[in-house]
Amino acid sequence: MTETKKKINIKLFKGSVKPNWCPGCGDYGLLSATTKVLAQMGYEPHNTLIISGIGCSSSFPHWTTAYGIHMLHGRALPAAMGAKMVNPSLNVVVVGGDGDGYGIGAGHFIHAARRNLDVTYLVMNNQIYGLTLGQSSPSSQIGHITLTTPEGVDERPINPIALALGAGASFVARGFTGDTKHLAGLVQQAFEHTGFSFIDVLSPCVTFNKLNTYDWFRERVYKLDDENHDSTDIGQAFVRGQEWGERIPLGIYYQSKMFALHQTDPTSRDRIPINEPLGFKKQNISYESVFNDFK
Amino acid sequence: MTETKKKINIKLFKGSVKPNWCPGCGDYGLLSATTKVLAQMGYEPHNTLIISGIGCSSSFPHWTTAYGIHMLHGRALPAAMGAKMVNPSLNVVVVGGDGDGYGIGAGHFIHAARRNLDVTYLVMNNQIYGLTLGQSSPSSQIGHITLTTPEGVDERPINPIALALGAGASFVARGFTGDTKHLAGLVQQAFEHTGFSFIDVLSPCVTFNKLNTYDWFRERVYKLDDENHDSTDIGQAFVRGQEWGERIPLGIYYQSKMFALHQTDPTSRDRIPINEPLGFKKQNISYESVFNDFK
Amino acid sequence: MTIRVIWITLTYLSDDTKSSSLIRYAIRIGGVAGDGLQSTGSLLQKYFNRLGYYVVGHPGTQSTIRGGHVWQHVEISSQEIFSFDRPLNFLIALSEETLEVHLRDMKENSYVLINADKVKIEKFHQELIQRKIKVLSFPLSKLSREIDVKRAVLANTIAIGALITLLGIPMEGYIDTLRKRFGGREKLLDMNLKALDLGKTYLRENYLDAFVSVTPATLEGMKAIVISGNEMIALGATASGLKFLAQYPITPASSILTYLSNKASRYGIVVRQAEDELAAITMCIGAAYTGVRVMTASSGPGISLMSEAFGYAGMTETPIVIVDSMRAGPSTGIPTKMEQADLYSIMFMSHGEAPRAILAPRSIKEAFDVTVKAFNIADKYQLPVVILSDFALSEQTASIDEFELDVEINRGKIWTKATDEHPKYKRYELTEDGISPRAFPGTKDAEYILVGAEHDEDSHSLSGNRAGLPESWDLREKMFKKRFRKMELLRDEMDGPELYGVKNADYTVLCWGSTQGAVREAIDGLNQENSTSWNMLSFVDLFPFPFEKFLPFIKNIKTSIMFEVNYTGQLENLIHHHTDWKPTHSIRPLHGETPTPSSITLEITELLNQEENQ
Amino acid sequence: MTIRVIWITLTYLSDDTKSSSLIRYAIRIGGVAGDGLQSTGSLLQKYFNRLGYYVVGHPGTQSTIRGGHVWQHVEISSQEIFSFDRPLNFLIALSEETLEVHLRDMKENSYVLINADKVKIEKFHQELIQRKIKVLSFPLSKLSREIDVKRAVLANTIAIGALITLLGIPMEGYIDTLRKRFGGREKLLDMNLKALDLGKTYLRENYLDAFVSVTPATLEGMKAIVISGNEMIALGATASGLKFLAQYPITPASSILTYLSNKASRYGIVVRQAEDELAAITMCIGAAYTGVRVMTASSGPGISLMSEAFGYAGMTETPIVIVDSMRAGPSTGIPTKMEQADLYSIMFMSHGEAPRAILAPRSIKEAFDVTVKAFNIADKYQLPVVILSDFALSEQTASIDEFELDVEINRGKIWTKATDEHPKYKRYELTEDGISPRAFPGTKDAEYILVGAEHDEDSHSLSGNRAGLPESWDLREKMFKKRFRKMELLRDEMDGPELYGVKNADYTVLCWGSTQGAVREAIDGLNQENSTSWNMLSFVDLFPFPFEKFLPFIKNIKTSIMFEVNYTGQLENLIHHHTDWKPTHSIRPLHGETPTPSSITLEITELLNQEENQ
Ligand SMILES: Cc1ncc(C[n+]2csc(CCOP(=O)(O)OP(=O)(O)O)c2C)c(N)n1
Ligand SMILES: Cc1ncc(C[n+]2csc(CCOP(=O)(O)OP(=O)(O)O)c2C)c(N)n1
Ligand code: SF4
Ligand code: SF4
Ligand SMILES: [Mg+2]
Ligand SMILES: [Mg+2]
């Protein structure tokens with residue numbers, strides 16, 4: 001990013017391994033939007049770290065050229081916290097599915113949000129468990145007949161927007177992989193945001209979710225930007241967040257400015273831990289001061 | 001509850017073991033409010049089940065005469081789900097601390113709320129880890145100097161009300177153990193609510209939290225009932241839920257009516273599983289029908 | 001590329017070279033994920049079962065939804081079979097990769113049916129000729145498009161039509177199977193019938209003399225069922241009175257959840273998909289406390305997440321049944337491959353020392369009884385019981401005769417009201433056998449608090465105000481001994497290994513769990529082909545290990561080979577721990593593929609050759 | 001009530017009956033939680049350390065914040081000591097329960113100082129006289145109220161004033177200690193000084209002839225530090241270059257988090273309190289991948305929650321250091337009591353089979369070096385390393401001479417740019433020793449994806465489109481062998497047991513971890529008192545177990561006793577697994593209390609008596 005005139009290679013983040021996603025899977029949309037934005041914004045693979053959990057969507061890092069952690073199911077965010085806090089100079093992107101993030105990982109989602117950890121969290125929400133072949137997910141709609149719900153889902157789904165707002169996230173948005181241009185815009189703004197930026201990405205599973213299809217969404221989505229939404233007003237954001245079914249808002253629901261965790265942490269606020277010397281002596285800590293505490 | 005004229009023994013739920021809480025601990029307030037309300041409402045110890053996690057507050061069941069599960073740290077709610085779903089005739093009360101419920105147990109809190117599991121969840125929120133001797137908790141305030149935060153807490157705390165609303169809880173309230181009469185009223189309404197009823201109970205830890213004391217709260221709390229709050233309006237509830245610091249609302253933020261999980265579950269909606277016969281034969285399921293699926 | 005072989009085609013495994021009629025016939029369909037192979041495999045198995053053949057099926061899946069390479073194996077026989085085997089009589093290649101991967105498995109005189117629209121056969125020509133494999137080249141894509149442009153899966157049915165024609169067996173059964181499958185969906189049925197016919201016609205028109213004779217089926221048709229290990233466990237659980245299943249999806253345990261979700265209301269089971277495995281097991285504990293029989297199922301990663309609660313169940317003496325369907329680990333490993341490497345991790349799961357039991361069914365058939373036993377042990381001894389299945393056992397299918405679904409249920413000691421023996425209720429009464437009465441909410445005068453802390457007879461905690469007081473020293477000792485007394489009692493109830501074959505064989509192969517069927521067939525083969533004699537000792541009940549029942553076998557064991565699919569030799573170590581006995585040799589395949597009679601025979605042969613050459 | 005004794009007062013453990021001056025002096029304060037005993041104990045230890053005595057301290061805590069019964073033990077000596085012991089010279093009883101619990105531990109001619117306002121002494125009179133225990137009756141509550149009505153903890157200082165006076169040693173040191181403690185808080189300091197003086201005066205006025213002579217201190221004052229095991233581990237970690245600690249509070253591991261939270265900025269460590277242990281360990285993995293040295297600490301329940309991620313670290317070859325401070329289990333158990341029962345659960349933690357190392361420091365002193373070794377092993381062999389501490393080691397304190405804080409740091413193989421040896425970066429390059437180079441984000445041309453699935457040299461997953469393909473068979477075998485090759489290399493680096501005492505003793509006691517000091521002192525005593533000779537073999541490096549270093553000892557072992565605090569005999573089993581060797585006897589105390597020289601001596605004596613009587 002130092003040389004502003006550097007020629008941008010838009011494919012810089014495109015990996016050599018072909019995704020094994022189904023043709024038409026929504027996740028392709030986020031992959032291409034994200035790799036493009038990363039390149040456009042001048043990031044480089046060696047200082048970008050993409051972290052995921054487990055699921056179809058979580059294979060995402062493998063299809064890029066950046067550093068990555070394909071973590072355990074549901075644990076992408078804590079891994080991201082470890083990474084970001086010891087090396088705040090990395091651009092850390094966290095990706096995964098609805099099962100991964102809203103199901104098994106819900107607790108970490110809440111805590112990463114409230115801590116305002118400076119990562120971007122992109123959830124490919126297909127309202128289904130894809131990789132395990134079509135069970136209902138915590139975001140599956142009431143009544144959805146899936147492999148495990150012969151009479152239809154009877155648990156109310158997670159509302160990711162409301163949940164993120166309730167958890168105190170400082171950037172809360174929703175995108176749709178059927179509109180990659182708009183999505184790319186959101187991803188860029190999320191990267192630009194300092195702190196926890198979260199996008200619920202509606203990403204149809206063409207194989208197992210025959211209910212929430214591209215068409216289903218196309219009939220319902222609209223842009224918050226088109227309706228004078230004030231994204232600094234959390235109350236308004238929460239009310240918009242209740243919308244689903246008839247109309248589904250896309251865009252930034254809420255954004256606010258506050259310190260990110262690495263900016264307040266007593267250690268990483270003024271140094272990059274990974275670059276610091278090791279041990280007492282190299283850090284110029286006198287033995288006397290260490291031992292004195294124990295006398 | 002069949003004999004309406006039965007004389008109520010207000011001490012019916014008071015256990016014989018003396019609590020080992022510190023004198024003055026806020027938790028006493030909830031204990032006495034809850035045991036009283038249970039007796040007044042005509043519950044009996046043998047059909048009441050109190051489930052907790054781990055923490056000072058989580059010892060609560062031991063001081064009562066009811067059935068109880070002193071579960072693992074953070075896992076009270078799933079245990080409650082198992083119990084309630086196989087025996088919906090039990091009155092299931094879940095209790096615990098802020099660390100237990102908002103920290104390690106946050107994921108289960110979210111999921112129990114969205115499922116509208118028919119239990120009452122009472123969190124004794126002292127904004128500190130009591131049992132482990134005073135570390136900061138996920139609800140500790142910014143700047144609070146605790147055993148583990150020499151410069152003061154630098155992570156934004158969980159907002160339990162906002163979180164519960166974001167998770168879709170159908171009854172969201174806040175009480176204060178410094179006002180047990182009001183608190184008892186809330187507990188009673190929570191018991192009367194069918195579905196997931198949650199009360200964030202401000203319960204000062206007199207030993208380790210020298211910041212959020214009874215006095216600190218007394219100067220700040222006010223009743224939602226006194227300010228014309230509409231508890232059917234989730235947007236209003238969320239906005240009220242943002243209040244903290246200067247003014248802290250007590251009372252029911254939000255309540256809505258919807259089916260509880262055991263009322264929609266394909267099995268427990270029309271029978272009490274614990275009372276049903278075991279095995280194919282006793283359940284009158286013909287072998288032929290079983291085997292036919294595999295031919 | 002040097003072709004690595006991990007199995008061989010041994011002539012004694014089938015009789016194709018000896019007679020003109022094949023007793024056993026192995027079919028495989030290979031393609032990409034999304035080709036609907038599992039569904040076709042299932043139809044085919046039901047069809048052969050309907051005809052009265054013994055059937056086994058094995059899925060070769062990947063963690064891939066579309067593309068990649070997957071396969072489905074179906075094997076039939078007119079005599080009972082106990083395992084699928086690698087060598088093939090008939091291969092349907094829907095993709096070129098199918099040939100690359102499976103050609104090595106083809107027998108002499110076998111057939112490969114290729115989708116000529118996708119598979120270029122040229123580069124395999126040489127080998128095909130050399131190995132006398134006959135090619136049936138079908139333009140499957142084109143043919144299926146002729147029926148319906150959008151249903152590429154019709155290709156499978158066309159191939160099946162050809163296969164059935166080739167075998168000269170009646171087509172009607174397949175039509176019935178399709179009819180049952182598609183229920184009222186006439187249009188779908190119709191297209192499939194057309195496809196069947198097309199397959200038949202295309203074969204007859206282009207490969208006039210293609211014909212294979214298999215010996216006629218020996219069983220009464222429709223009397224058996226075709227069922228997977230997971231489904232068998234689900235049936236066993238229902239028969240045992242399961243009332244609560246909480247599970248989180250994971251390969252290869254998911255199909256238990258799927259099956260029971262779809263039967264929940266009918267079978268009277270509350271089935272809930274938990275938010276994670278920590279919730280799944282703690283939901284079970286809550287339900288078990290309340291008084292019902294409970295189960296959860298998972299595989300490695302999920303099982304590991306249950307660790308803390310597993311110890312809680314042991315400490316609180318709460319009966320729960322857990323299915324661990326083992327997959328290739330550690331960590332995420334290879335989810336669609338089998339392994340037997342969780343025995344020790346489960347023996348020692350969770351900090352500290354708490355009771356548990358572990359059973360490893362050796363066949364789909366046995367999975368039912370083992371599940372029933374698991375529930376009875378859980379209730380009688382009040383502890384968590386783990387059923388160790390694995391990818392192969394869980395996901396394989398086999399034909400099994402209908403069986404009795406009504407089983408003996410023993411719910412153990414339960415207190416409902418004051419009796420002479422137990423006038424006052426004490427949850428952890430210090431009894432002679434270590435087993436104390438349980439009581440359930442709803443019961444008067446038995447109210448108590450379940451607690452994971454050390455406790456006294458009344459379940460009062462010793463971790464608070466009573467920690468470190470002299471009374472607690474004794475109590476802790478007593479409670480510890482009580483919990484482990486149960487284990488010794490239970491050990492007596494554990495079944496010892498089963499001997500297959502002659503008593504004093506030259507060689508004994510030891511194995512446990514799902515590999516039993518393949519080892520058994522390998523033994524049969526070795527006995528047939530060699531001058532040496534072979535037998536097998538197979539274990540099902542593993543923990544607490546019934547070493548006393550193993551001891552009598554030792555004196556008759558001459559040369560022994562311990563066969564298990566893990567790196568460290570887990571059952572071998574467990575046996576050694578109790579008896580100081582060690583096998584002469586160990587075979588522990590690591591390649592990830594399910595052991596088959598021929599792969600085991602190869603490994604044994606190589607081992608003995610090495611020995612000889614030393 | 002029959003008083004159950006789990007230790008004895010053996011005369012050889014101190015010389016009080018032999019000379020008029022005591023070499024060793026044991027003090028205990030008992031009261032209720034909230035009495036400020038730990039703080040008083042800590043001040044007292046610092047004071048004695050300042051004087052130049054050897055000091056050990058042991059806390060008797062409960063999971064109770066107020067009330068209950070807790071105690072603090074402080075023991076001093078003019079000769080080096082290795083353990084606290086139960087027998088007491090001086091007891092301060094702030095509550096009546098203190099007498100009920102600790103009276104049995106009092107030696108002849110010892111003193112008990114009671115708070116007469118709270119303790120009714122009458123019922124103990126008989127026994128006190130019989131056992132020649134002298135009572136110092138102080139109205140502590142009243143006296144402390146005289147200084148400040150609200151500060152009941154001043155009672156402790158009054159008692160200390162009396163104690164110091166009784167011992168006839170200088171009071172100044174204690175004043176200095178208080179001054180340091182209270183920093184600028186003059187009012188508090190003042191009150192404490194008054195209290196000290198009051199204690200002195202009250203003793204002199206009421207118990208004119210009360211006097212005890214202890215031999216003078218032998219060390220240079222203020223040269224040693226008084227430190228707990230947990231703090232020592234924290235120092236070892238900082239010295240090793242720790243940059244990231246994520247931890248969730250739990251007894252008895254919490255004080256690592258507390259200490260390092262308070263030093264974070266100064267020591268350059270990012271210290272974060274995680275939302276749970278699953279997060280703590282996965283945060284560590286994220287940070288370790290990024291390139292720093294990381295640590296987490298917990299106890300049983302939290303360790304169990306780490307199980308899945310632990311396997312991930314092994315599979316991905318990510319170096320992490322985990323402190324397991326063992327407490328009495330299983331499950332919640334008794335959090336404030338020690339146990340050595342997690343060895344096997346950690347050896348086999350997580351499904352499947354993955355590498356790991358386990359080290360169990362035998363003393364507070366050794367905890368520093370062991371921690372440094374743990375970090376070096378983690379980096380060199382790229383695996384999770386567990387430091388097995390326990391309640392006793394973690395929470396006990398001892399005086400230790402100042403030591404070198406600068407240590408050798410070996411970060412293992414790291415790739416930063418293309419070299420001749422490694423021109424192209426491959427994370428899991430199949431090297432001869434099984435160790436492949438690591439590279440960290442920020443490094444160009446080394447970008448790779450960490451993955452818990454089985455993988456190839458480039459860290460590409462074999463679980464998706466490559467699962468089941470022939471290339472994967474080989475790769476899986478190679479990767480498995482590579483991971484376990486590291487273990488064999490590491491085994492060579494593990495230290496064998498250490499022999500204490502004569503080589504050919506009649507009796508050998510084997511032990512591991514924190515019990516070493518107490519066993520050593522028991523051995524000393526047994527050698528002194530008996531006609532038989534005794535030695536000790538103590539283990540610190542446990543896994544991979546260095547059995548070859550143990551073998552040479554076997555031939556010299558005559559009668560052996562394996563001493564460990566668990567039910568199943570974990571180290572015994574591990575030794576047997578590798579060597580077939582078993583000890584003659586085993587002692588596995590279950591009462592929950594920390595073993596002391598006298599409790600061990602009692603257990604050994606009982607065991608041998610039983611033997612004789614048979
Ligand atoms: C601990 C654990 N439990 C279960 C699984 C099995 N599993 C793999 S992916 C997945 C769900 C994936 O759903 P989602 O996160 O929505 O991703 P998608 O495939 O839909 O993109 C599950 C349950 C696992 N890998 N680990
Ligand atoms: C898995 C696990 N981790 C950590 C602990 C230790 N622990 C016990 S209670 C507690 C926190 C209690 O805080 P909270 O829930 O707020 O209860 P309080 O004591 O404040 O009432 C912790 C961390 C545990 N018991 N189990
Ligand atoms: S199964 Fe669904 S989520 Fe997975 S790759 Fe296919 S379309 Fe995408
Ligand atoms: S420490 Fe705090 S929360 Fe715990 S009992 Fe005491 S006052 Fe209550
Ligand atoms: Mg999904
Ligand atoms: Mg709390």
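Just so it is clear, the values below take in all heavy atoms, side chains as well, and ignore hydrogens, waters and symmetry mates.
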Taking all non-hydrogen atoms of both residues into account, name the closest pair between [X] and [Y] and its distance.
X: D:G464; Y: A:N20; answer: CA-ND2, 4.3 Å
X: A:R115; Y: D:M283; answer: NH1-CE, 3.7 Å
X: A:D293; Y: D:Y259; answer: OD2-OH, 4.3 Å
X: A:M85; Y: D:V270; answer: O-CG2, 3.7 Å
X: A:N87; Y: D:P441; answer: ND2-O, 4.3 Å
X: D:G268; Y: A:T267; answer: C-CG2, 3.6 Å

Exercise. Please list, in residue-number order, every residue in residues 74-83 of chain A that has a heavy atom less than 4.5 Å from any heavy atom of chain D; write 'none' if there are none.
Key: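 Near chain D, by residue number: A:R75, A:P78, A:A79, A:M81, A:G82, A:A83.
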Quiz item: In residues 47-61 of chain A, which residues are in contact with chain D at a heavy-atom separation under 4.5 Å?
Solution: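 Residues in range: A:L49, A:P61.
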Quiz item: What do you reckon, is NZ of D:K180 surrounded by more than 12 foreign heavy atoms closer than 6.0 Å?
Solution: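 Yes, the 6.0 Å shell around NZ holds more than 12 heavy atoms from other groups.
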If we define contacts as heavy-atom pairs under 4.5 Å, which of [options] has the most with chain A?
options: D:F440, D:F403, D:Y312; value: D:Y312
options: D:G442, D:A439, D:A224; value: D:G442
options: D:S459, D:A237, D:A446; value: D:A446
options: D:T316, D:N49, D:V451, D:T443; value: D:T443

Report yes or no: does [X] contribute a side-chain atom to a donor-acceptor pair with the main-chain N or O of [Y] at less than 3.5 Å?
X: A:K281; Y: D:A239; value: no
X: D:K243; Y: A:P277; value: yes
X: D:Y448; Y: A:A66; value: no
X: D:E447; Y: A:H46; value: yes

Exercise. Return each pair, listed once, that meets side-chain hydrogen bond (donor to acceptor under 3.5 Å, both in side chains) where at least one residue sits in residues 26-38 of chain A; pairs must be two or more places apart or across chains.
Key: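 Output for this query lists A:D27-A:S203.
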Practice problem: Enumerate the residue pairs fulfilling side-chain hydrogen bond (donor to acceptor under 3.5 Å, both in side chains) with a member in residues 278-290 of chain D, sequence neighbours excluded, ordered by first and then second residue. | Solution: none
Let me know if [X] has heavy atoms under 4.5 Å from chain D in its side chain, its backbone, both or neither.
X: A:Q283; result: side chain
X: A:L90; result: side chain
X: A:V92; result: neither
X: A:N292; result: both

Side-chain touch [X]/[Y], heavy atoms, less than 4.5 angstrom:
X: A:L278; Y: D:R411; value: yes
X: D:S265; Y: A:R271; value: yes
X: A:F291; Y: D:L405; value: yes

Exercise. Indicate whether any N or O donor in one side chain lies under 3.5 Å from an N or O acceptor in the other, for A:S289 and D:R266.
Key: yes
Exercise. Scan side-chain atoms only and decide if A:H108 and D:E275 contain a donor-acceptor pair under the 3.5 Å cut-off.
Key: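 Per modelled atom types, A:H108 and D:E275 side chains form a pair under 3.5 Å.
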Quiz item: For the atom pair CD (D:E308) and NE2 (A:H73), what is the distance rounded to the nearest 0.5 Å?
Solution: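 Between atom CD of D:E308 and atom NE2 of A:H73 there are 9.0 Å.
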Quiz item: Taking atom CD1 of D:I449 and atom NE2 of A:H70, what is their separation to the nearest 0.5 Å?
Solution: 9.5 Å
Practice problem: Please test D:Y267 against A:F280 for ring pair (Phe, Tyr, Trp, His ring centres under 6.0 Å), starting from the C-alpha separation and ending with a verdict. | Solution: CA-CA 7 Å; D:Y267 290 177; A:F280 291 106; 5.1 Å; yes
